[in-house]
Amino acid sequence: MKEHIEELLIQAFLHLKRDKIVPADCKIQPVVERTRSPEHGEFASNLAMVLTKQAKRPPKDLAKAIINRLPKSRQLEKTEIAGPGFINFFMNQMAMASTVKEVLRKEGSYGHQPTQPDRSVTLEFVSANPTGPLHVGHGRGAAYGASLACILQAAGYEVQREYYVNDHGRQMDILALSVWLRYLELCGEKVRFPKNGYQGEYVYEIARVVRNEHGDKWRFTELEVYDGAEPDEGEGGDAESHIDSLINKASDLMGHAGYLAFFNASLDQILGDIKNDLAEFGVEFDHWFSEVGLEESGALQHAIERLDKNGYLYVKDGATWFKASELGDEKDRVIVRENGRTTYFASDIAYLLNKLERGFDHAIYVWGADHHGYIARLSAAAKGLGEDPENIEFILLQFVALFRDGEKIQMSTRSGNFITLRQLRDEVSSDAARYFFVMRSHDQHLDFNLDLAKSRSNENPVYYIQYAHARICSVFKNLDQMDLRHNAAIGEAALDRLVEEHELGLMRSLSRYPEVIESSARARAPHSMAHYLHGLATDFHAYYNAHQFLVDDENLRNARLNLILAARMVLQDGLSMLGISAPEEM
RNA sequence: GCGCCCGUAGCUCAGUCGGAUAGAGCACCAGAUUCCUAAUCUGGGGGCCGCAGGUUCGAAUCCUGCCGGGCGCGCCA
């Protein structure tokens, strides 16, 4: 419908040029937007106002000239000039009702764009280190990324959902060590658990699994473990070097195979748990990308060579540096450390190159707000690789704070004192969690009210939307019990009977759906979809209270059923994009 | 210190590319059900859009400065 108005305006604009009212070289993109209130019709355009300067005529004259040149349209009731020079477009009832027809004809694909060939995108999100269970912050990333992926697909993008697995590096070593120490405890050894080790209860779980499988095969005494180790922070030493010395000790005592057993058991179990957790949250990935794989496949070397070939590498103090400062970053960055090991950043670069070489037009990264310092760095890397940084996009999610009984819950990852995504889902349900995570703009801090999210009451917006869907289903059940059938053909023929304010309002909301998909995809804003669905539910509930659907008049009844069926389809489709169920009864 | 994000009703937040009288939910007050689910609906009060300048036909929106809050600035991952 909006496109139709735009088309009319483009035609009128061409006529203006032909009639020399505006210069022939005048170029302008007419802006058509929804009006704020039906008093102003459905759509408004500011075309006359933006042409004022070039045409050297007052906006109202121009508006009149434009209206006189609009092609005839069967959808238009009338046009008006309003305010400082807006052209308001009033749609007729038939145009409004045609939305219902379109929704029913297209069913779940109403408002969806066909996949465009130049719109392939890789969307990376969550990518939490596999060193422990996902917490609520990851939950926001998961809900946001999964919803955005669906919305982008509906808007015509081909989307690959990726999770980058940091299965390499020091944090994994610390985890493997932590598991080994807990394993020794289970064997009956006394250990002094390091300050910077992973403290969570899940570490015992993994240790238990290893011990069940291998018994006391890798048991060593306290004396053997701590012999020659650096002192911990509380013992007058440095926490980091203490833990490094213990990691080395673990390898020495157990040998590579033994160490690997703990390393792999940790990775397998935690990654398995994460995958399971996300699946239960309705979040699926197309690709789990392993950091280790980057080294094994030679992608890491390939990326380093590319930077070198482009002249962006140099050696200083035994390390290999990337000239990031020449490409917009604040300083140069180490790629290969003095000890010969590559940095995490090197893997990031290799992964980026890999994404682009797989042929994606666009790469989106969804990160926590604490990562914003990496944007300049990775953009610099893109330039250094000879790629267009325009094709790489970073979305930062602000933090989540949980509130219970009006008080903020304090969390810290290191101490193992955090609320996991799984606990949150158990407490408030996946549906509520998915909605609450995306109900706010991604650049807003999120105050997550646990009491509200789990309340089964009218205060909870999730249930409000779901209830609208359930109510519609219920109407059709009642129809069944009255031994009546919904006849969509009769309904379609009688759509001109839908003239009540509430009906026009509901149809107006339905007609906006394609625009909502488009704009929330463009703005990377699943929250606008959430807001839209809430508004659609409001329109439906108001209609429900104001009018009876199951009336004796067969034509009117079927027309109304067509309308609410269309509403049901859009509610269902929109909820599914947000990963929220659409229950048939509540 | 430098960089990024935020500041809109009592609270939590929408507000698209600058557009008409700045909106929603919660809370508060007053009402609605012999009728398809009251997890619903109707009405009402409530605003220095952080502050000060600038850009223009027009600014919550763009620019500059300031104030307040959050986050980040490793040969860590």
Side-chain angles (χ1 to χ4, degrees), chain A residues 29 31 33-37 39-40 44 46 49-50 52-53 58-59 82-86 88 129 131 166 168-174 240 291 316-321 330-331 333-339 341-345 347 368-376 396 398-399 401 403 406 439-447 449 452 455-468 470-479 481-482 515-516 518-520 522-523 525 527-528 530-531 534-535 537-538 540-551 560 564 585-586:
Chain A
Q29 184 69 31
V31 173
E33 53 184 18
R34 288 276 172 179
T35 58
R36 203 174 335 170
S37 122
E39 287 168 42
H40 299 130
N46 62 354
M49 289 182 285
V50 294
T52 306
K53 231 173 222 172
F86 287 105
N88 290 339
N129 286 349
T131 53
N166 293 119
H168 186 62
R170 189 153 170 279
Q171 292 305 318
M172 283 305 297
D173 287 327
I174 294 174
E240 302 297 336
E291 182 183 358
K316 191 181 88 181
D317 303 333
T320 304
W321 295 69
E330 358 178 280
K331 54 163 108 170
R333 308 286 175 180
V334 172
I335 298 289
V336 185
R337 282 181 268 187
E338 195 180 355
N339 63 14
R341 292 187 69 171
T342 52
T343 59
Y344 179 90
F345 181 45
S347 298
D370 54 338
H371 278 65
H372 76 253
Y374 298 88
I375 294 177
L396 298 178
Q398 297 298 318
F399 282 2
F403 283 78
M439 73 195 283
R440 301 293 175 229
S441 168
H442 64 82
D443 54 16
Q444 280 285 348
H445 291 263
L446 179 64
D447 286 347
N449 183 335
L452 179 61
S455 79
R456 310 212 153 239
S457 73
N458 54 358
E459 300 165 25
N460 195 326
V462 191
Y463 295 122
Y464 181 86
I465 300 169
Q466 289 181 319
Y467 184 45
R471 261 183 158 177
I472 296 170
C473 294
S474 176
V475 171
F476 282 91
K477 272 175 211 148
N478 280 296
L479 183 74
Q481 283 178 359
M482 292 164 76
E515 297 157 37
V516 170
E518 194 278 328
S519 70
S520 67
R522 184 164 35 81
H527 77 275
S528 7
H531 282 273
H534 193 271
T538 298
F540 170 75
H541 285 309
Y543 180 33
Y544 182 97
N545 274 274
H547 298 284
Q548 189 76 13
F549 308 143
L550 302 180
V551 291
R560 287 183 169 171
I564 65 170
E585 56 187 42
M586 290 172 73

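Values reported hereafter were calculated over all heavy atoms of this structure, with side chains retained and with hydrogens, waters and symmetry mates removed. Proteins come first, then strands; the chains are lettered A, B, ... in the order of their sequence lines, and each starts at number 1.
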Check whether any side-chain nitrogen or oxygen of [X] sits under 4.0 Å from OP1 or OP2 of [N], and answer yes or no.
X      : N      : value
A:R333 : B:rC76 : no
A:R471 : B:rA38 : yes
A:R440 : B:rC6  : no

Practice item. Identify, with sequence neighbours excluded, every residue that meets ring pair (Phe, Tyr, Trp, His ring centres under 6.0 Å) alongside A:H442. Key: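 With neighbours one apart ignored, the set is A:Y144.
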Point to revise | Under the ring pair (Phe, Tyr, Trp, His ring centres under 6.0 Å) test, residues paired with A:F476 that sit two or more places apart | key: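 Residues passing ring pair (Phe, Tyr, Trp, His ring centres under 6.0 Å) with A:F476: A:H486.
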Of the listed nucleotides [options], the one nearest the side chain of [X]:
X      : options                : value
A:Y544 : B:rA77, B:rC41, B:rC36 : B:rC36
A:H527 : B:rG15, B:rC13, B:rC75 : B:rG15
A:D443 : B:rC6, B:rG19, B:rA77  : B:rC6
A:S474 : B:rG19, B:rA39, B:rC36 : B:rC36
A:M49  : B:rG19, B:rC36, B:rU40 : B:rG19
A:E39  : B:rA77, B:rU21, B:rG19 : B:rU21
A:Q444 : B:rA39, B:rC76, B:rC13 : B:rC13

Pick base, sugar-phosphate or nothing for [X], based on heavy-atom distances below 4.0 Å to the nucleic acid.
X      : answer
A:N449 : nothing
A:N88  : base
A:E518 : nothing
A:N166 : nothing
A:A44  : base
A:A468 : nothing
A:A542 : sugar-phosphate
A:T52  : nothing
A:H40  : base

Check your understanding: For nucleotides 67-72 of chain B, read 5' to 3', which letter fits each nucleotide if B means a protein heavy atom sits under 4.0 Å from the base, S means only the sugar-phosphate is that close, and - means neither?
Key -> ---SBS
Point to revise | A:K331 vs A:A537, nearer the 5' end of RNA chain B by closest nucleotide | key: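 Between the two, 5'-proximity favours A:A537.
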Check your understanding: Who pairs with A:N166 by side chain to side chain contact (heavy atoms under 4.5 Å, CB included), at least two apart in sequence or on another chain?
Key ->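 Only A:N129, A:P130, A:Y164, A:E291, A:Y344 meet the side chain to side chain contact (heavy atoms under 4.5 Å, CB included) criterion with A:N166.
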Expressed in whole Å, how much space separates the [atom1] atoms belonging to [N] and [M]?
N      : M      : atom1 : value
B:rG69 : B:rG23 : P     : 31 Å
B:rG70 : B:rC75 : P     : 27 Å
B:rA39 : B:rC26 : P     : 14 Å

Check your understanding: Does NZ or CZ of A:R471 come closer than 6.0 Å to the centre of the six-membered ring of A:F540, within 45° of the ring's axis?
Key ->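 No, a cation-pi geometry is absent between A:R471 and A:F540.
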Nucleotide N/O to protein N/O under 3.5 Å, stretch nucleotides 32-35 of chain B:
from   : atom 1 : to     : atom 2 : distance (Å)
B:rC35 : O2'    : A:Q548 : NE2    : 3.3

Review point. Dot-bracket, RNA chain B: Watson-Crick or G-U, under 3.5 angstrom, [ ] crossing, | other strand?
Key: (((((((..((((.....[...)))).(((((.......))))).....(((((..]....))))))))))))....
Review point. Given atom CD1 of A:I335 and atom C1' of B:rC76, what is their separation to the nearest angstrom?
Key: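 From A:I335 CD1 to B:rC76 C1': 15 Å.
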